[in-house]
Amino acid sequence: MKEKNKYGQYFTIAPVAEFMVKLISHNEDCKILEPSCGKGIFLSKLYEKGFKNIDAYEIDETLDNPFHCVKYESFISAPLNNYDVVIGNPPYIRWKNLEKQLKDELASSPLWNHYFNSLCDYLFIFILKSIEQLNEEGELIFICTDYWMNTTHSSTLRNYMVRNGYFSEIYHFKEAPLFENVCASFMIFRYVKTKKSSAPKIKLFKYINEKKIKGIEDLLDGNSFILSEIPQFKENERWLLVPEKQQEILCKIEDSCRRRIPILFENADINRIGDVCDIGNGMVSGLDKAFNISDLVFLNKEEKASTIKVLKAKDLRPYMHVSESAYFFIDKRISEEEFIRFYPNVFQYMIRYKDNLLKRYNYGKDIPYWEFVFPRNLNLFMRKEKRILVPCKERISNKNYFRFSLASENYMPLQDVTGIFKKRTCKESIEYITAYLNNWRVFDWLKYNGIIKGHIVEFSESPIASIPYRPIDWENDNERMIHDEITKDVIKYAENKDENCIEKIDNCFNILFS
């Protein structure tokens, strides 16, 4: 989009609004709130269905709206009232992208200050304040992205919702094109506010069509969704949109990773990769093509000494890498005169990119054009030991594996790769950890518990550190033997690509998790 979307506006298409209005269980006399009505598509569908008692808010006065029920003011600062139904499409804005006027408004909001902080998103206050205004058995029907269902910063919102009601239905659309020029995973949910402690299971409808929605018939078509039931969500837990049987499998994985001696901290009863590994995101050059000197034939002694082997996401495969590049990297400050004198061949190559190099984002520092702009985690990557490298982002819509690649001490990760190093206190081999991360159980766990936007799993430091880890019981001779067998087969597979090694590794993990 050319202009900044300062209010987080993505307008709902008519078929989706009509579909959501059909989810209302109250009669036509109920009192309804639309907290961010935009151009009025929900209001139009509500009036068409006979609903008349409606209040609506819209912060953007530039939007034409023909309905008299609309108040052009912010929902966040509006007084609380009582409603039977709240319905709509709340805005999506990360805190860092909020306009100053919106941040100032949140700073004066009692609800925001009680439940949230500057790590939270604008969406959260719309959900919570809407529930605050519902009568007993009132219903909240929203369409929004699904990322907040399993992030740390939304835990206060999720706990509030568990304590104050339950979900009756969730329609999960994943990356179906519900909005123009927006690629995200969306959901429609119906939430019921109640003081009752018992609640039915959640009806989970997973959308299976990939075509663009043209009419409400596409949503009412009996073949558009797969229906399953999932348990009601609980406090202090991530919310998984996963059928009950799959949840049992995930619980079994975590049970196998539980500590023999629990530690009294949140989530500390489970061993995790962060306990046994140091993790760091790759280095940022700012302009890879300028530093990639793989094709330079002539290099002098100083240039060769300042050449590093790097791996990017495209080079990685499970257990191994299939290609590499040579990059110029210098971690000491020199003058341009010294750069030209001591690195003449590299200079002649890089000079063509000088203008673009000087335009790189420089993190507020005066960085010479021949240096990486952000050699982050350099001390970690300089360790003289093997490391595991994985793409920072991995699309899983058409695959059932991740690419945790074992590399020697000579290879450095760039910005689209994350490096994983065995802690010195970890007794298991780096080969064992590599095999474990490539096991299908880790894939399944991350598929439902990882940081996922659409079908893309994020592998930065925090998500990798949270992966449950199955350590070896070193007092158990059988487990020690399994560990050594896995280590040997990983080394063998790296040497000769024998697929029988992978089968043997999988069988070993089947025994450990049995």
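Side chains are part of it too, since the values below use all heavy atoms of this structure and drop only hydrogens, waters and symmetry mates.
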[X] and [Y]: side chain donor to acceptor below 3.5 Å:
| X | Y | value |
| --- | --- | --- |
| Ser323 | Asp315 | yes |
| Tyr469 | Glu428 | yes |
| Tyr493 | Asn500 | no |
| Thr418 | Glu461 | no |
| Glu139 | Tyr191 | no |
| Arg441 | Asn510 | yes |

- Task: Could you tell me whether Tyr361 and Tyr363 have their ring centroids closer than 6.0 angstrom?
- Result: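 Ring-ring flag for Tyr361/Tyr363: true, centres closer than 6.0 Å.
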- Do Phe402 and Phe443 have ring centroids that are under 6.0 Å from one another?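 Yes, the ring of Phe443 comes within the 6.0 Å limit of the ring of Phe402, centre to centre.
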- Query: What side chain to side chain donor-acceptor pair (under 3.5 Å) pairs are there with at least one residue in residues 159-168, not counting sequence neighbours?
  - Reply: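 For residues 159-168: Glu132-Tyr160, Asn159-Asn236, Arg163-Glu235, Ser168-Arg190.
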- In terms of heavy-atom contacts, Ser466 and Trp445 come closest through O-CH2, 3.5 Å
- Answer yes or no: are there more than 12 heavy-atom neighbours, outside Lys103 itself, under 6.0 Å from its atom NZ?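 Counting neighbours around NZ of Lys103, more than 12 heavy atoms of other residues, nucleotides or ligands fall under 6.0 Å, so yes.
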- Item | SB check Asp255 Arg258 (cutoff 4.0 Å) | yes
- Nearest-0.5 Å distance, CG of residue Leu128 to CG of residue Leu157: 6.0 Å
- Message: I'd like to check Ile188 versus Ile170 (side-chain heavy atoms, cut-off strictly below 4.5 Å). Are they in contact?
- Response: no
